[in-house]
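Here's the structure we're looking at; comments come further down.
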Amino acid sequence: QVQLVESGGGLVQAGGSLRLSCAASGLSFITYTLGWFRQAPGKDREFVAAISRLGGRTYYPDSVKGRFTASRDNAENTVALEMNSLNPEDTATYYCAARYGDDNWRTSRSSEYPYWGRGTLVTVSS
């Protein structure tokens with residue numbers, strides 16, 4: 001059974017930083033593309049980042065590019081999201097997701113990720 005567990009969320013002031021982590025189990029971690037998504041109350045789920053199997057390639061939407069950095073530690077079965085220069089607009093529940101392989105690895109469609117964590121809440125105050 002695939003399990004993804006996010007951690008690291010919390011309250012931070014605008015301009016601050018947070019580092020989110022996601023611990024995976026029940027899968028051959030190195031064979032999976034990892035993604036981060038976020039969802040604010042009343043809004044659709046939004047793509048945040050994707051990282052390829054070996055961690056050598058990352059992809060971000062314009063809304064977070066240059067501020068967020070995804071990384072992975074395949075020896076520890078973890079993926080991280082370093083978030084800098086946070087804005088109130090970044091407030092959301094952040095989800096870790098996994099999909100097998102590297103085909104179409106940059107996809108921003110949440111429907112293409114079959115495995116999900118339960119999320120960690122990030123609140124950015126003004």
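For the single chain, residues carry numbers from 1 onward in sequence order.
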Residues R99 and E112 bridged, charged N to O under 4.0 Å =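 A salt bridge is present here (some side-chain N lies under 4.0 Å from a carboxylate O).
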
Donor + acceptor pair across side chains of [X], [Y] (<3.5 Å):
{"X": "Q3", "Y": "S25", "value": "no"}
{"X": "D102", "Y": "T33", "value": "yes"}
{"X": "R106", "Y": "N104", "value": "no"}
{"X": "D44", "Y": "Q39", "value": "no"}

Return yes if some donor-acceptor pair links the side-chain N/O of R67 with the main-chain N/O of S63 below 3.5 Å, else return no.
-> yes

Aromatic F29 / basic R72 pairing, under 6.0 angstrom, 45° off normal = yes

Which atoms form the tightest heavy-atom contact between G26 and V2, and what is the distance?
->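 Heavy-atom minimum between the residues: O-CG2, 3.6 Å.
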
First locate atom CG of N84, then atom CZ of R19, and finally report the distance between them rounded to the nearest 0.5 Å.
-> 11.5 Å

Using the rule that two of Ile, Leu, Val, Met, Phe, Trp, Tyr join whenever any of their side-chain heavy atoms come within less than 4.5 Å, decide whether L20 and V12 are in one cluster.
-> yes

Which word best sums up how the rings of Y94 and F68 line up, parallel for under 30°, tilted for 30 to 60°, or perpendicular for over 60°?
->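 Correct class here is tilted.
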
Answer yes or no: does atom CZ of F47 have more than 12 heavy-atom neighbours from other residues, nucleotides or ligands under 6.0 Å?
-> yes

Test of ring centre spacing under 6.0 Å for Y32 and Y100 |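 Y32 vs Y100: aromatic centres under 6.0 Å.
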
Answer with yes or no after comparing the ring centroid distance for Y95 and Y113 against a 6.0 Å cut-off, counting only values under it.
-> no

